[in-house]
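In the text below, chain A, chain B and the rest are named by the order of the sequence lines, each starting its count at 1.
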4 protein chains.
Amino acid sequence: MSEEKEQWLEDLIRLSEETAETKTEKQARILEAAIEIFSEKGFAATSTSEIARKAGVAEGTIFKHYKTKKDLLLSIAGPIAVKLVAPFLLRDFIKMIDMPYDRADEFFRALAKDRLKFARENTKIIKILIHEVPFQPELLEQIKSLVTDYVVKRIEKIILHFQEKGQLVEAPPWRIMRTGASVVIGMIITHVFIVPDFPFDEEKEVEMTLDLLMHGIASRSGEV
Amino acid sequence: MSEEKEQWLEDLIRLSEETAETKTEKQARILEAAIEIFSEKGFAATSTSEIARKAGVAEGTIFKHYKTKKDLLLSIAGPIAVKLVAPFLLRDFIKMIDMPYDRADEFFRALAKDRLKFARENTKIIKILIHEVPFQPELLEQIKSLVTDYVVKRIEKIILHFQEKGQLVEAPPWRIMRTGASVVIGMIITHVFIVPDFPFDEEKEVEMTLDLLMHGIASRSGEV
Amino acid sequence: MSEEKEQWLEDLIRLSEETAETKTEKQARILEAAIEIFSEKGFAATSTSEIARKAGVAEGTIFKHYKTKKDLLLSIAGPIAVKLVAPFLLRDFIKMIDMPYDRADEFFRALAKDRLKFARENTKIIKILIHEVPFQPELLEQIKSLVTDYVVKRIEKIILHFQEKGQLVEAPPWRIMRTGASVVIGMIITHVFIVPDFPFDEEKEVEMTLDLLMHGIASRSGEV
Amino acid sequence: MSEEKEQWLEDLIRLSEETAETKTEKQARILEAAIEIFSEKGFAATSTSEIARKAGVAEGTIFKHYKTKKDLLLSIAGPIAVKLVAPFLLRDFIKMIDMPYDRADEFFRALAKDRLKFARENTKIIKILIHEVPFQPELLEQIKSLVTDYVVKRIEKIILHFQEKGQLVEAPPWRIMRTGASVVIGMIITHVFIVPDFPFDEEKEVEMTLDLLMHGIASRSGEV
DNA sequence: AATGAATGAGGATTCATTCAT
DNA sequence: TATGAATGAATCCTCATTCAT
């Protein structure tokens, strides 16, 4: 498995480079301003003149770098969409199947922590992503295929693996996956978007949230 | 408790009336058209002329009924926001505390089914709600206070009640609540928004999802 | 021949009506202003804001009446293109074949006078037509088919008729036609566009120009 | 007459040099591209960036060679305008008065052939000329004075000369001139712009067209 | 001489909203 | 109450032109 030519890895790399290297200083300022305002007022309610003002460039400059306003949006949302699912694509992630975490909860905990960190570092862009994906068919398709082709397939393998090891309940993998995702995403949304200023012990929060996920909310003494 | 004059109940009633009675036929057509288009393209990207065309009325007519375009949005989103949390406000819901479901899982199951049904009946408006709430401070405030004042408080009571009865694990109620909400909302989103055309046995789906919520995804044979 | 249902006549009529009746006062002012400026600076170099200013309406008003700037152009150029060839389409024109002018020169003279008058009354629009037709494929096609289908065919018949009567030289009809058209159009352009302020005796000018067309510029005394 | 210092000749010479020598390779490519696109879409509808792209140079380069976009137009249209009337300016042309063609029709025929050839070799630029002259006052003036000062005056002399020799009809020279010009230009426009792909025997076409010009379109048997 | 990034004025078009009918 | 013509500000985008490299 580790032998296969992984084209998506090249994609990822090329993408990161594009995103990081090529950008001129003005381009960076434009992106920054656009992210700020898009996340505050939404794509459609943001005017290019406002972006230009905030970025400190002429309006025309925006269009020298991004053919269209939508182009600007996509050049923000596209890369982040990839980064969002990036860990699921990484070589190391796959290795877990051969030489895996011993315990399922350790695996899920690591994943949860990682994505929580990522979300906290990319609040604004994720907000943009959430709000614009449904209205941008290109994005929607891109993400759908990313998720179904990579994320779902790989997580499924891992779940099956843990089921074989007798660590996970015998339910359909997709339902386990959805439940896990829901709980983790719920935690992330709470801390990153709903009450971002509320201080909390991240370690403990993840610990306890995952405990509820693993063992449920029902009392564990004897009967259920 | 059931004696106190509950203002929110009046709100609810007034609202239902407004929604159902006062509306002229044209007004109804305008609302319907607006919901349709708002949910498809988003509020900011929808033009009043398009709404008018779809509703089969003159552009001016819209503004006879709704002072501004945003007014139109609020008159759609406001009521639905209330309906969304309505069951938590209802007299009967509160009675559960005095004469409650015997078992926690029965209670959660009933709630999940009810809200799933509601979501399925109001797909479009909920989509609007999700997308516009973050950009409409009035709405955001309204919902935040609705949720914190009523929903959270009441659910907390119920959770405490079940904890006392030894049916729920001894975790902070808000974390139990969040976990439950995440799992149920995850299920709703999946079936209503992500794969709406995928047929499924609702009864069984709720059953199994709640089982995972109650008892976790870890294998239950002996040790974990 | 006079029995056939002539669809182009209906076209002409509908067109004239559209042009004359439906127009509101503002619409008329917009058209007038557009004609004025288009003819002065050309279509592409004219801005809609300038038209609006000259017409005394808001810029938006233009677009309520004409979806596009090009639409505005076409609604000016289209009808005039038809009017330009209109006499060739008329029932009476065709009758000339059955019950014709006795003399070819009388026929051409009548035609020349009529079109000279028309050109003088529509200077600006004709200028627009001349300049924009090559850049507006729709217009070009429309005019090409009008001219080839109606004008050329009918004039050819008439020329053949006069050739049979021994009044016109035995050259290919199309070359006679082109020569006649060139001479008449040359005259029109001279008086209407090149030296419009130069006063001249129209009657005599047409007379003498047609004399040159009929009998040539070579000396007629004996040999040439 | 051949003694007078003819300034226009110097003009012509300087012009040819400018046109042919000074041009760098990039400049030539710019001109070529500009001619191509101007003739296709018109001056105002052509953007400098499009010209730059087609010429394969940077946008800035155009402005290194031509101060403004209009400058570029004039540097195309100006020279061609001179070339258009060039034969009328040439020393040899004037000699015709002293040592002229024996026959008027020979003279006109030579002229017609020459200008037809010229038009065929400069289709695009002539199209530009026709379309932009009316909107470029400088060009208009330049051409008007060229034509009235040189062309008209000289042709008039020649016509008078042939009238004296009894070869041309006793009409006002300007009317003879206009008629001749119309017929020849009509022929040129037909073959170069309207049906450029239609093959024809040039020799014969000129012959017959000039026959109609000289002797008219009326039947020549006996009476007229 | 050549570049191409940057400009900001101006382009066509759309928009929410008003108001006389 | 309902209309739809009219508005003019605001929208996204293009343009000719400049200038540091």
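- Checking A/Lys70 against B/Gly60, the closest nucleotide of DNA chain F that is more toward the 5' end is the one next to B/Gly60.
- Atom CG of A/Leu73 is separated from atom P of F/dC13 by 12 Å (rounded to the nearest Å).
- A centroid separation of less than 6.0 Å is found between the aromatic rings of A/His131 and B/Phe135.
- B/Thr61 comes within 4.0 angstrom of a nucleotide base, judged by non-hydrogen atoms across all strands.
- Distance, B/Lys41 NZ to E/dT14 P: 12 Å, rounded to whole Å.
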Secondary-structure string, 5' to 3', Watson-Crick or G-U under 3.5 Å, | for another-strand partners, for DNA chain E: .||||||||||||||||||||
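- Here the CG atom belonging to A/Leu73 is positioned 9.0 Å from the CD atom belonging to A/Glu138, to the nearest 0.5 angstrom.
- The interatomic distance linking C/Glu25 (CD) with E/dT21 (P) rounds to 14 Å, in whole Å.
- The residue among D/Thr48 and A/Ser49 whose nearest nucleotide of DNA chain F is located toward the 5' end is A/Ser49.
- Here E/dT7 presents its C1' atom at 12 Å from CD of D/Glu59, a figure rounded to the nearest Å.
- Using modelled atom types and a 3.5 Å distance limit, the side chains of A/Ser49 and A/Glu59 yield no donor-acceptor pair.
- B/Lys64 comes within contact range of at least one nucleobase, with a heavy-atom separation under 4.0 Å.
- Side-chain N or O atoms of B/Glu132 include one that pairs as donor or acceptor with a backbone N or O of B/Phe43 at under 3.5 Å.
- Between A/Ile30 atom CD1 and E/dA6 atom C1' the separation is 10 Å, expressed in whole Å.
- Rounded to whole Å, the distance from CG on D/Leu72 to P on F/dT17 is 10 Å.
- Atom P of nucleotide F/dA2 and atom CZ of B/Arg53 are separated by 20 Å, given to the nearest angstrom.
- A/Leu146 is not listed as a side-chain neighbour of A/Leu84, based on a closest heavy-atom distance of 4.5 Å or more.
- Taking atom CZ on D/Phe63 and atom P on F/dT17, their separation rounds to 5 Å, with Å as the unit.
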Verdict with reasoning, C/Lys124 to C/Phe38, per side-chain contact (heavy atoms from CB on, under 4.5 Å): CA-CA 8 Å; C/Lys124 286 173 189 167; C/Phe38 282 164; over 6 Å; no
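- Set against F/dC13, F/dA16, F/dT7, the side chain of D/Ser47 has F/dA16 as its closest nucleotide.
- Comparing C/Ala44 and A/Val57 by the nucleotide of DNA chain E that holds the closest heavy atom to each, the one mapping nearer the 5' end is A/Val57.
- Nearest to the side-chain atoms of D/Thr68 among the listed nucleotides E/dT17, F/dT17, F/dT3 stands F/dT17.
- The side chain of B/His65 contributes no N or O atom lying less than 4.0 Å from OP1 or OP2 of F/dT1.
- Salt-bridge check for C/Glu50 with C/Lys41: passed, with a basic side-chain N closer than 4.0 Å to an acidic carboxylate O.
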